[in-house]
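Note sheet for the following structure.
Residue numbers run from 1 in the order of the sequence given. All values below were derived from every heavy atom in this structure, side-chain atoms included, with hydrogens, water molecules and symmetry-related copies excluded.
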Amino acid sequence: MSNRYGRFDDAAREYVVTRPDTPLPWLNYLGQDELFGLCTNTGGGYTFWRDARLRRLTRYRYNDVPLDSVGRYLYVNDGGTVWNPGWKPTKTELDRYECRHGLGYTRIVGAKDGVEVELLFFVPPGENAEIWKTTVRNEGDAVKDLRLFSYVEFCLYEAFNDATNYQRSYASGEVEVEGSAIYHVSEYRERRNHYTLFACTREVSGFDTSRDVFAGVHSGLHEAAVPLAGRAQRSIAHGWNPIGSHQLDLRLEPGAEETFAFVLAYVEQDAAEKFESPSVANKEQGRRLLARYSEPGAVDSALQALQARWTDLLSTFQVDCPEPNATRMLNTWNQYQCMATFNLSRSASLYETGIGRGMGFRDSNQDVLGFVHLIPDRARQRILDLAATQLSDGTCFHQYQPLTKKGNADIGGGFYDDHLWLIVSTCAYVKETGDASILQEPIGYADLPGSSETLLHHLETSVAMTLGNRGGHGLPLIGHADWNDCLNLNSFTTDPDESFQTAGDIEGSKAESVMIAGLFLYAVRELAALYAHLGRIADEARLFQAYDELLAAVEAEAWDGEWYLRAFDAAGEPVGTHSADEGRIFVESQSWCALGGAGAGNGRARQALESVQTHLASTDGVALHRPPFTRYRPELGEITSYPPGYKENGSIFCHTNPWVTLSWCLLGEGDRALESHLAICPATKDDRIDTYRNEPYVYAQTIAGPDAATPGEAKNSWLTGTAAWALVALTQGILGVKPDYRGLRIDPCIPPAWDSFRVTRRFRGVVYEITVRNPHHVSCGVQSLTVDGSKLTGDLVPDVPGKTTVEVEVVLGGNRPARRRGRRAQPARAR
Ligand code: GLC
Ligand code: GLC
């Protein structure tokens, strides 16, 4: 798989960018614990500690031209010619360029006039430091005298303030310099007990800390004065814009090379020991860190530790199947992207500024589905953190700040789907781990300080919230919005100065959501199965009563003839109906009703999905709705604010596509399922990469829909719920390896043409080596199941503790048990 900008190197688990002028910056993330860096294929991006807004270490310049300005830069001055190995910012033409985005690291190699510079950026596991391993080689046959200049621009920690409040920040900046170590100590004298260190393990011959001196007040970084002149000025910043830059002088014989490292670190200091002398920062920790990475071999062993960590993590799920793009995405990139959504939710990417949203409630709960198998303990904690931002009426803070774990009051709550996702994530966690003790963990409600209830109490509060807030058709009220943030049926906003996300009054409105109804059916059935597993039959029965009631309402009120309606607006008018001129059919309610078990006995689920195929599907995926809205309709809200075919107004909103894939799996349509899975898969976009533009190795949030002005153009890569759901759709839907309360269920739904596939799955500490054969060329239905040589009936591989590996052989060609809705027959239960 290659296009004119790059290719996959599957064996190395790297994406190789072969030219720097990609259609958009192509991003990678550094860091896996607390310190994170955004790093593009030209070294652009920034670094922060835990919270991209409150602890921003280096600066980014938003909406700048050229795109992706400011980053980790190294300038080479070779006899007056100044260039950067990552091409930017000078954009001096290189003789050779390559960027390899790997798992937690990015390696950029640039060469010019016989000099090759290799920069390897990574964050060692458990360390609050970003390492830039640097190797300079003289590939020519003459001696080279080189001057190198490093560059980072410090951010004054609170990134929003840093970007907006110059009257303060231009007076606050402070640095200290000690040898090769530059300390960014702005506000350290007051309440900040932390500083940033930018140091080099090699001897330096100069430094700068003032941007005005380094670049020049009227110059861009591409024409920065110091590297052009070839001489650092030893500037000390007093306010304005502090930076870190080192000068290194290298003399290299022909064939010689030198390796050293830059260290960019975040250091927290005990408040009692902040200063080593009056007003002088205590640098002991910084010195120790630098000394540690100056030891020979220290950088390389840190890199090995990083690689070992990822290899181990991803070995949790590996596949070998006939579809190469499914294999490469699953084995590496899709799981990797899921880890990024774990770490960053929707906070920091090239499209999320890191100063806006923190952790989203519904987003993070869905993200759990993509990483719970990789990091179950951290998933557990995430679920508990999320639950703590639920209110006692069942609604939730829509977002919270990762550093404080407190709900964001400015956006508030009132999104009436939020609480249901908590049930989905919790059930997924218990199925993965078997650890039902999470249900008894004490967590308070955010509006009742000091309160303490169990997680299970929160889940029941969620059920009660939906049941207690229904409209005239017996369907759940939508509140401010459901999963579709922009379907604002209670806003009626006509004021351009008002945010759609907070506008409007939901009090008394009766607008209802069919999607929430479907999600409710799904979530309640999950929870009922959990009760059944726990032997709480009365609770199971109680939930199925609620289930039956909601299902009856859906079937009686929400069927439009060929598909399910999307909603009823505040006036009680149907949304997503065949008689509408625009927004006739929406995807969310089709898949969620199907996944919730609606339309199962009466053929409606199949018909709804066929309607999706007819009206919404294209080679780039399934559009949210069609036709898109061409004029603004206050009664529908933000969804009609976007130009036709973009974002929530009828783009291919990738997040929803795996729901369609899963629905096809439920219906037993393996070809359709794989087709749906691959349509949004970035690795399949090589032949239209100049249209698609985003990274070919991670999912994007949207692809412009068929009715857009630029169909096929992706936007907003990396931090999207698409990652988790695409992984679930492939691993649990198509490959059919489903964690269940009592073991692993194997229930594939594959293209009939497939002969076989293999999966390695670590589950509750045991490695399952699973081979699925398809001699009769069917999509689904298990004919035989053999576990360590013994034949079992059904499709459940029971959880057997004490083993280390289990061989599972599955032959397809049997009847797939009908997953009837209702008591004692729902899919999640062991039979
Ligand atoms: C964004 C939001 C998500 C929402 C979706 C659809 O991805 O993060 O919460 O569900 O848009 O509006
Ligand atoms: C806008 C976007 C939507 C996102 C929301 C979050 O409404 O269209 O995708 O979820 O903002 O702030």
Side-chain angles (χ1 to χ4, degrees), residues 1 8 10-11 13 311 314-336 338 369-370 373-374 432 657-658 661-681 683-684 725-740 743-763 766-789 791-792 794-797 805-817:
M1 284 290 118
F8 286 93
D10 292 326
R13 288 189 152 139
T311 304
L314 298 190
S315 69
T316 311
F317 203 123
Q318 291 290 294
V319 68
D320 182 5
C321 79
E323 171 48 50
N325 278 321
T327 301
R328 77 165 46 91
M329 287 299 292
L330 172 50
N331 287 349
T332 302
W333 297 99
N334 194 358
Q335 297 194 77
Y336 184 54
C338 287
L369 308 179
H373 66 300
L374 296 170
E432 178 66 35
N657 277 244
T661 307
L662 285 164
S663 304
W664 285 125
C665 291
L666 203 67
L667 295 169
E669 298 291 340
D671 276 330
R672 284 274 174 82
L674 186 68
E675 188 194 339
S676 159
H677 181 71
L678 291 177
I680 59 160
C681 172
T684 65
W725 279 109
L727 192 83
V728 170
L730 180 58
T731 57
Q732 301 191 30
I734 296 173
L735 304 174
V737 181
K738 302 179 170 143
D740 209 334
L744 268 186
R745 193 176 293 285
I746 316 289
D747 175 27
C749 181
I750 58 173
W754 284 17
D755 290 323
S756 65
F757 65 90
R758 290 183 55 84
V759 162
T760 303
R761 175 65 153 96
R762 194 157 64 211
F763 178 67
V766 180
V767 177
Y768 292 82
E769 297 286 359
I770 304 161
T771 306
V772 176
R773 293 185 208 291
N774 190 21
H776 311 296
H777 292 282
V778 296
S779 268
C780 53
V782 171
Q783 186 180 61
S784 75
L785 171 67
T786 312
V787 178
D788 276 344
K791 285 229 185 272
L792 302 184
D795 57 9
L796 184 76
V797 183
T805 8
V806 172
E807 290 285 336
V808 178
E809 190 163 318
V810 175
V811 178
L812 296 184
N815 285 328
R816 202 183 199 194

- Do T684 side-chain atoms and I680 backbone N/O form a donor-acceptor pair below 3.5 Å? no
- With side chain to side chain contact (heavy atoms under 4.5 Å, CB included) as the test, would you mind laying out the steps for L314 and N331 before giving the verdict? CA-CA 7 Å; L314 298 190; N331 287 349; over 6 Å; no
- Under the side chain to side chain contact (heavy atoms under 4.5 Å, CB included) rule, what do L735 and F317 come out as? Steps first, then yes or no, please. CA-CA 11 Å; L735 304 174; F317 203 123; 4.3 Å; yes
- Query: Looking just at side-chain N and O atoms, do N325 and R328 make a donor-acceptor pair shorter than 3.5 Å?
  - Reply: yes
- Task: Report yes or no: does S676 contribute a side-chain atom to a donor-acceptor pair with the main-chain N or O of R672 at less than 3.5 Å?
- Result: no
- V737 side chain reached by Y768 side chain, heavy atoms, under 4.5 Å: no
- Message: Do R762 and T316 pair up side chain to side chain, a donor and an acceptor below 3.5 Å, judged on atom types alone?
- Response: yes
- Task: Check for a donor-acceptor pair, side chain of S779 on one end and backbone N or O of I750 on the other, with a separation under 3.5 Å.
- Result: yes
- Do you know which two heavy atoms are closest between G668 and C780, and how far apart they sit? CA-SG, 3.8 Å
- Message: Measuring only between side-chain heavy atoms, which start at C-beta, is I734 closer than 4.5 Å to C665?
- Response: yes
- Message: If we ignore hydrogens and angles and just use 3.5 Å, is the side chain of T771 paired with the main-chain N or O of E809 as donor and acceptor?
- Response: no
- Query: Does Q335 use its side chain to pair, donor to acceptor, with the backbone of L330 at less than 3.5 Å?
  - Reply: yes
- Task: Would you check, one step at a time, whether the test salt bridge (Lys or Arg N to Asp or Glu O under 4.0 Å) holds for D320 with R758?
- Result: CA-CA 5 Å; D320 182 5; R758 290 183 55 84; 6.0 Å; no
- Evaluate side chain to side chain contact (heavy atoms under 4.5 Å, CB included) for V797 paired with F763, printing each intermediate quantity in order. CA-CA 11 Å; V797 183; F763 178 67; over 6 Å; no
- Query: Hey, does D10 have a side-chain heavy atom less than 4.5 Å from the side chain of T332?
  - Reply: no
- Task: Kindly determine whether L662 and W725 satisfy side chain to side chain contact (heavy atoms under 4.5 Å, CB included), including the steps that lead there.
- Result: CA-CA 9 Å; L662 285 164; W725 279 109; 3.7 Å; yes
- Item | Backbone of V778 reached by a side-chain donor or acceptor of N774 within 3.5 Å | yes
- Task: Specify the closest pair of heavy atoms between T661 and A673, including all atoms of both residues, with the distance to one decimal.
- Result: CG2-O, 3.3 Å
- Does R816 use its side chain to pair, donor to acceptor, with the backbone of L666 at less than 3.5 Å? yes
